[in-house]
Amino acid sequence: MKKSSYFAVCAAVASLALSGSAWAHHGDAGRYIEEVVTITGTVLETQLINPHAILVVDVPDPSGKTVRWQAEMGGAQGLIRGGWTTDVKPGTKVTLTGRRLKSGAPYMNLTERARVVVTDTGKEVLRNANFGQPAPTAPGGTSGSANAPAPAAPAKPAAPGY
């Protein structure tokens with residue numbers, strides 16, 4: 001086999017192999033409202049798994065019932081580097097700002113325009129680079145329902161790994 005043919009075959013095989021990993025990660029277009037919401041609750045558990053860690057939080061609703069929320073975050077290694085194993089343990093009260101599922105289910109995305117604060121100390125343990133920016137607008141308006149937007153926060157550099 002000529003060198004140029006060998007190179008073409010190798011390039012084709014590599015392209016096919018890499019295309020599978022591109023399909024493995026999902027997009028979230030259309031899953032979440034564009035406006036951010038803020039909730040406060042008590043951490044039940046942190047699932048440091050890949051590709052997205054999950055924070056499980058019990059949040060009291062206005063009627064006094066407790067609603068179990070799940071919040072999807074970035075990868076486990078970035079969170080560990082950011083201090084999750086010491087700052088966010090079960091029983092910790094946290095305030096989450098992120099985007100909620102359009103269905104209304106108690107599930108939140110914390111991978112963009114989001115932050116997590118330890119409520120009792122005010123320590124910010126997660127902040128995306130685009131936190132505090134307005135929701136993108138689509139032709140004809142925004143693509144989500146209007147829920148209480150978070151107040152604008154002063155600019156702060158993003159933590160490494162987020």
Side-chain angles (χ1 to χ4, degrees), residues 18-136 138 142-153 155-162:
L18 293 175
S19 67
S21 63
W23 282 101
H25 193 269
H26 61 87
D28 69 4
R31 277 184 77 194
Y32 302 96
I33 61 171
E34 290 300 328
E35 294 79 15
V36 295
V37 295
T38 300
I39 60 171
T40 299
T42 304
V43 174
L44 186 65
E45 70 176 312
T46 302
Q47 299 171 7
L48 293 173
I49 56 176
N50 287 314
H52 297 282
I54 301 290
L55 183 62
V56 181
V57 179
D58 282 342
V59 178
D61 73 7
S63 71
K65 294 181 182 177
T66 300
V67 178
R68 181 147 302 153
W69 280 73
Q70 290 188 6
E72 179 180 300
M73 300 179 290
Q77 292 305 313
L79 292 169
I80 291 168
R81 282 191 306 269
W84 279 84
T85 55
T86 57
D87 291 327
V88 185
K89 294 180 179 179
T92 304
K93 190 172 182 181
V94 292
T95 300
L96 312 176
T97 302
R99 296 181 305 136
R100 183 180 187 156
L101 277 177
K102 282 184 177 180
S103 70
Y107 194 91
M108 181 179 277
N109 179 305
L110 297 176
T111 61
E112 67 174 54
R113 296 180 30 241
R115 77 175 181 167
V116 176
V117 175
V118 176
T119 308
D120 295 336
T121 65
K123 182 175 182 180
E124 192 173 66
V125 292
L126 181 139
R127 179 188 185 101
N128 301 117
N130 62 352
F131 175 74
Q133 294 182 4
T142 59
S143 62
S145 64
N147 284 315
K156 178 180 177 183
Y162 298 125

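FYI, side chains are in, hydrogens and waters are out, and symmetry mates aren't considered; it's all heavy atoms of this structure.
- Judged by distance alone, the side chain of R113 and the main-chain N or O of E34 form a donor-acceptor pair under 3.5 Å.
- Taking both residues in full, the closest heavy atoms of N128 and T111 are given as ND2-O, 3.5 Å, listed atom of the first, atom of the second, then distance.
- With a 4.5 Å cut-off on side-chain heavy atoms, E72 and I54 count as touching.
- You'll find the side chain of L126 reaches within 4.5 Å of the side chain of L79, heavy atoms only.
- A distance of 4.0 Å separates CZ in R68 from CG in D58, rounded to the nearest 0.5 Å.
- Of all the heavy atoms in T119 and V94, the pair that sits closest is OG1-C, 3.0 Å.
- Distance CG/L55 to CD/E45: 9.0 Å, rounded to 0.5 Å.
- Without hydrogens or angle criteria, H52 side chain to G74 main chain gives no donor-acceptor distance under 3.5 Å.
- The shortest heavy-atom contact between T40 and T95 is OG1-OG1, 3.0 Å.
- Note that CD of Q47 is 6.5 Å distant from CD of Q70, once rounded to the nearest 0.5 Å.
- Rounding to the nearest 0.5 Å places CD1 of I39 at 4.5 Å from CG of L96.
- The minimum heavy-atom distance linking P106 with R100 is given by the pair N-NH2, 4.1 Å.
- Side-chain atoms of W69 and L44, non-hydrogen and from C-beta on, never get closer than 4.5 Å to each other.
- Between G98 and L110, the shortest heavy-atom contact is CA-CD2, 4.0 Å.
- The structure places OG1 of T38 at 7.0 Å from CE of M108, a figure rounded to the nearest 0.5 Å.
- With values rounded to the nearest 0.5 angstrom, K89 atom NZ is found 11.0 Å from T46 atom OG1.
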